[in-house]
2 protein chains.
Amino acid sequence: MAERAQYEELARQLSAIGAVKRELSRILPHDCPAGSAAVLTLLGRHGDMRMGKLAELLAVDMSVTSRHVAHVADRGWIERLPDPADRRSRILRLTDAGHARLDELSRSSSQLFADRLSDWTDHEVGLLSHLMGRLRESFGDCRATQRPPCPVEAEAVHATEPTTTRTPA
Amino acid sequence: MAERAQYEELARQLSAIGAVKRELSRILPHDCPAGSAAVLTLLGRHGDMRMGKLAELLAVDMSVTSRHVAHVADRGWIERLPDPADRRSRILRLTDAGHARLDELSRSSSQLFADRLSDWTDHEVGLLSHLMGRLRESFGDCRATQRPPCPVEAEAVHATEPTTTRTPA
DNA sequence: TATTGTTATACTCTATAACTATA
DNA sequence: TATAGTTATAGAGTATAACAATA
């Protein structure tokens, strides 16, 4: 349990983090907005899946998912295969073009992070990801972080970053 | 410097954090969307300021700021005073009604955080805020975190959370 | 001529609700 | 009757560009 001032500060950070997201989206190709990139990323990471599953992973309504999926399907980056087990649903799968596109996206965004986060350590990056995942989890977004190995908050922190760590801002 | 997989994970978390923001915005009054709440919060925290300064703090374009400000001004939550030093600009100030509104917002959002983050420690909340602020800072959002005392990443972590800390997810 | 702020326009992302087709 | 997915519609947030008033 934390105090009110801390919650207010967290709310403020959440409100302002959009600036970072917009910065990231600025490097995306014009025919691949953030929603499309997210679809490709999740299919690349988790493999073939149905719409409902993808909607869960995206943490948005299925209707929204449907639109994003239509967008990437129109561009040939994924295919929607029939599901033999349930003819109402469709199996989503990255095409070769989709894999290629995803690889480009991944490279360019990683490059941007590498530029901007050059003074961050491995561990700090992992810690932030981990805490953000936990935040989503705490807010009911169950699919938040299942795979990520979890960067071990406590020990690792001061073990790897004894010097860089206390940068206040 | 971190590796590509870590950057991808961070990108994923940034992409999905919107679900938490939407959850927070769901408890806002119908006449006070997130943009308005942000204006009130920043004026409450930093005191009177001009449009340009507010736009910086919000980390959005001045045109966007102008719209949010018009919204809250229309509802009597802030007043736009003439700036004696420069007649082009206006000084923004919370009214009594604005302070009251802000207090309600702060209480309800803190309540939500207290509910959802009941198993988070003070330090973890502070650490997440701190890292998010640093992320914004690294992405060129200079106004990211000036005031926040900085929860001292390293030592404090394992000092206060030796047990709760390793929750993987 | 440069700057502060406003307004018009357009785009993205989102949710709700109505609808189709299966189960 | 319930579920998987699509589509129509509406609302919030954002940016760019054109514009007004003042420096």
Side-chain angles (χ1 to χ4, degrees), chain A residues 14-39 42 48-74 78-92 141, chain B residues 14-39 42 49-75 78-92 141:
Chain A
L14 278 168
S15 161
I17 203 69
V20 174
K21 294 175 71 169
R22 290 194 294 279
E23 193 69 19
L24 274 170
S25 70
R26 252 185 274 281
I27 63 168
L28 294 174
H30 299 94
D31 59 346
C32 184
S36 298
V39 167
L42 288 169
D48 301 0
M49 68 183 80
R50 309 199 313 173
M51 289 291 306
K53 168 75 171 179
L54 179 59
E56 270 191 12
L57 291 170
L58 286 171
V60 298
D61 190 86
M62 176 112 80
S63 65
V64 176
T65 305
S66 183
R67 265 200 10 175
H68 291 326
V69 163
H71 183 94
V72 299
D74 285 349
I78 68 171
E79 48 189 351
R80 290 184 273 198
L81 310 168
D83 180 346
D86 184 340
R87 290 194 312 188
R88 290 172 305 181
S89 77
R90 316 222 238 171
I91 306 285
L92 308 176
D141 187 354
Chain B
L14 279 168
S15 161
I17 203 68
V20 174
K21 295 176 71 169
R22 291 194 295 280
E23 194 70 19
L24 274 170
S25 70
R26 252 184 275 282
I27 63 168
L28 294 173
H30 299 94
D31 59 346
C32 184
S36 300
V39 168
L42 288 169
M49 68 183 79
R50 310 199 314 172
M51 288 290 307
K53 168 73 171 179
L54 180 58
E56 269 191 13
L57 290 170
L58 286 171
V60 298
D61 191 85
M62 176 112 81
S63 64
V64 177
T65 305
S66 183
R67 265 197 14 174
H68 291 326
V69 164
H71 182 94
V72 299
D74 286 349
R75 278 153 190 78
I78 68 170
E79 47 189 352
R80 290 183 273 198
L81 310 168
D83 180 346
D86 185 341
R87 288 194 313 185
R88 288 172 304 180
S89 76
R90 315 221 238 170
I91 305 285
L92 308 176
D141 187 355

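Just so it is clear: chains get the letters A, B, ... in the order the sequence lines come, proteins before strands, and each one is counted from 1.
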Partners passing side-chain hydrogen bond (donor to acceptor under 3.5 Å, both in side chains) against A:S66 (at least two apart in sequence or in another chain): none
Whole-Å distance separating the CZ atom of B:R50 from the P atom of D:dA23: 11 Å
Sugar-phosphate, base or nothing in reach of A:S89, heavy atoms under 4.0 Å: sugar-phosphate
Heavy-atom check, side chain of B:R90 versus side chain of B:V69, under 4.5 Å: no
Side-chain touch B:H71/B:V39, heavy atoms, less than 4.5 angstrom: no
Separation of atom CG in B:D74 from atom P in C:dT6, rounded to whole Å: 11 Å
Whole-Å gap separating C1' (C:dT6) and CG (B:L92): 13 Å
Sugar-phosphate only, base, or nothing, as touched by A:A70 at under 4.0 Å among non-hydrogen atoms: nothing
Gap between atoms CG and P, on A:L24 and C:dT12 respectively (whole Å): 17 Å
Positions of residues 78-87 of chain B (non-hydrogen atom under 4.0 Å from DNA chain D), listed by number: B:D86, B:R87
Whole angstrom value for the distance that separates P of D:dT6 from NE2 of A:H71: 15 Å
Separation of B:K53 NZ from B:I91 CD1 (nearest 0.5 Å): 12.0 Å
Protein-nucleotide distance (A:K21, atom NZ; D:dA12, atom C1'), rounded to Å: 14 Å
Atom pair distance, as rounded to whole Å: CD in B:E56 and P in C:dG5: 11 Å
Reported CG-to-OG distance for the pair B:L14 and A:S25, which is rounded to 0.5 angstrom: 11.0 Å
Minimum heavy-atom distance between A:S36 and A:V72, given as atom pair plus value: CB-CG1, 3.5 Å
Which nucleotide in D:dA12, D:dT6, C:dT3 has an atom nearest any side-chain atom of B:R88: C:dT3
End axis versus end axis in the helix from C:dG5-D:dC19 to C:dA23-D:dT1, the angle rounded to 10°, five pairs used at each terminus: 0°
Distance, nearest 0.5 Å, that separates CE of B:M51 from NE2 of B:H68: 10.0 Å
Any B:K21 side-chain heavy atom under 4.5 Å of A:I17 side chain: yes
Mind listing the N/O atom pairs, protein and nucleotides 14-17 of chain D, below 3.5 Å?
| from | atom 1 | to | atom 2 | distance (Å) |
| --- | --- | --- | --- | --- |
| D:dT14 | OP2 | B:H68 | NE2 | 2.8 |
| D:dT14 | O3' | A:R22 | NE | 3.2 |
| D:dT14 | O4 | B:R67 | NH1 | 3.4 |
| D:dA15 | OP1 | A:R22 | NE | 3.4 |
| D:dA15 | OP2 | B:D61 | N | 2.8 |
| D:dT16 | O4 | B:S63 | OG | 2.9 |

Sequence-distant partners of B:S89, side-chain hydrogen bond (donor to acceptor under 3.5 Å, both in side chains), two or more places apart: B:R50, B:D83
B:D31: side-chain hydrogen bond (donor to acceptor under 3.5 Å, both in side chains) partners, not counting sequence neighbours: B:R101
Length of the CG-C1' vector between A:L54 and D:dT6, whole Å: 15 Å
Spacing of CG belonging to A:L57 relative to CG belonging to A:L42, to within rounding of 0.5 Å: 5.5 Å
First of A:S66 and B:H30 reached from the 5' end of DNA chain D, by closest nucleotide: A:S66
Rounded distance (nearest 0.5 Å) linking atom CE of A:M62 with atom CD of A:E56: 10.0 Å
